[in-house]
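Atoms within a ligand are numbered from 1 in the order they appear, just like the ligands themselves. The residues of the chain are indexed from 1 along the displayed sequence.
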Amino acid sequence: MDTKRFETDVIHKGYNAEQHNGSLAPPIFQTSTFVFDSAETGAARFAGEQEGYIYSRLSNPTVAMLEERIAAMEKGEKGLAFGSGMAAVSAILLGLTRTGDHILCSEGVYGCTFGLLQLMEEKYHITHNFHSMNDEESIRSAITDHTTVIYIESPINPTMKLVDLSMVARIAKEFNIPVVVDNTFSSPYLQRPLDLGCDIVLHSATKYLCGHGDVIGGLAVGKQELMSHLAMTTQKDIGGVMSPFDAWLLLRGIKTLPVRMDRHCENAKKLADLLKKHPSINRVLYPGDPDFPQYELANKQMLNAGGLISFEIKGDKAIAQKFMNHLELIKIAVSLGDAETLIQHPATMTHAVVPEENRIQMGISDQLLRLSVGLEAWEDIWDDIKQSLDSL
Ligand SMILES: CSC/C=C(/NCc1c(COP(=O)(O)O)cnc(C)c1O)C(=O)O
């Protein structure tokens with residue numbers, strides 16, 4: 001089907017019922033391998049001389065439907081599916097670098113991405129720097145002769161800081177360096193880095209794309225040649241691929257992404273405004289808050305501000321933990337983008353692997369909490385937050 005508007009592509013792109021006995025829901029090709037009709041066919045497929053499936057670590061029909069859909073959603077040429085967000089991050093970073101290279105990173109990243117960067121530096125001498133990326137000249141001076149990737153989270157997990165993606169993409173092109181953007185916090189509905197000039201966009205599909213807390217998965221989109229290279233190297237040979245059933249669950253979850261994101265954003269805006277007014281709250285970090293330092297940039301590059309709010313509670317770690325423990329509706333859990341509202345403490349949970357000095361540099365204090373605003377009635381979410389804050 002030709003590419004249509006986003007809200008239509010999320011439902012239809014990549015699947016044609018006429019090719020599957022009229023089944024409205026796509027079939028799950030839950031198979032590890034595919035039978036060749038002859039030895040010559042097997043040889044021709046392995047040689048790349050004949051189209052067709054070989055083995056589900058290389059490609060699978062259900063997974064291919066999802067890869068086509070995410071490519072259309074991110075306005076890219078080719079999508080790749082992985083067994084987790086970290087499988088996508090690692091396949092891409094390892095696929096684009098070799099010993100001695102340098103990665104220029106946004107000033108904060110998810111905890112396990114930090115851990116991967118540390119591992120790459122310690123074991124393979126692929127160095128990295130964290131950079132605020134908020135000034136053109138300082139970005140240019142941070143690029144070295146060995147910089148082969150610029151890696152960005154925007155919004156950053158968990159501080160919600162933004163990077164001006166079109167500005168960085170423009171500078172990167174001067175140096176012919178690919179820009180990789182982890183778009184997990186926004187989803188392609190709210191932000192499309194490829195449209196802003198970036199080269200690869202990736203997601204922890206575990207989050208908003210799935211939306212129901214029942215898949216661990218990763219997705220990436222970019223130009224045909226670059227993504228085919230990654231498919232034939234680090235995706236295939238490291239092998240962190242997605243299962244057909246997880247692809248099926250993601251095809252199902254993605255259909256409602258726009259309506260879910262609208263509600264996440266609507267709820268988050270209301271809660272951010274209420275949190276700002278509460279006397280027990282020190283600081284609210286939400287790109288949709290007019291007092292957010294990068295509010296203008298959020299309006300420029302995001303359709304809406306998303307469903308994640310980070311905020312600092314007045315007090316210390318013990319107060320933050322007491323607040324979480326007194327909640328009744330909101331669940332204490334990592335991950336995000338689910339129907340259920342979740343809360344977590346980055347310093348001791350998602351970013352516990354990050355050494356304290358690095359955490360402080362990233363802006364992660366012991367009082368910082370991250371709220372993944374769900375799809376419940378916002379009044380019930382607020383009532384739960386307020387009763388716990390008032391109990392402190
Ligand atoms: C154990 S903590 C739970 C996971 C969280 N984040 C994951 C994540 C990944 C990695 O994605 P998976 O491999 O699908 O988990 C990549 N990129 C970003 C911006 C992410 O937030 C979390 O709760 O912040």
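Of the protein's heavy atoms, S204 OG, 3.0 Å lies nearest to atom 11 (O) of ligand 1. Nearest protein heavy-atom neighbour of atom 15 (O) of ligand 1: K207 NZ, 3.6 Å. Of all protein heavy atoms, the one lying nearest to atom 17 (N) of ligand 1 is D182 OD2, 2.6 Å. The protein non-hydrogen atom at the shortest distance from atom 1 (C) of ligand 1 is Y110 OH, 3.4 Å. N157 ND2, 3.0 Å is the protein heavy atom nearest to atom 21 (O) of ligand 1.
Polar contact check, E153 against ligand 1: no nitrogen or oxygen pair lies under 3.5 Å apart. Polar contact check, F185 against ligand 1: no nitrogen or oxygen pair lies under 3.5 Å apart. Geometrically, ligand 1 and M86 share a nitrogen or oxygen pair separated by less than 3.5 Å.
In this structure, the separation between CD1 on I281 and CG on L369 is 7.5 Å, given to the nearest 0.5 Å. In this structure, L80 CG and L219 CG are separated by 9.0 Å, a value rounded to the nearest 0.5 Å.
H131 and E107 form no side-chain donor-acceptor contact under 3.5 Å, judged by distance and modelled atom types alone.
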Atom pairs and distances, donor-acceptor, side-chain atoms in residues 46-56, under 3.5 Å, two or more places apart:
residue : atom : partner : partner atom : Å
Q50     : OE1  : R45     : NE           : 3.0
S56     : OG   : T31     : O            : 2.5
S56     : OG   : N60     : ND2          : 2.9

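Considering T97, T148, D145, N129 as possible partners of H102, the one that fulfils the side-chain hydrogen bond (donor to acceptor under 3.5 Å, both in side chains) test is N129.
For H128 and Y151, the ring centers are positioned 6.0 Å apart or more.
By heavy-atom distance, the residue among V334, T206, L342 lying nearest atom 3 (C) of ligand 1 is V334.
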Would you check, one step at a time, whether the test ring-ring contact (aromatic ring centres under 6.0 Å, His included) holds for F114 with F130? CA-CA 10 Å; F114 179 91; F130 296 107; 5.7 Å; yes
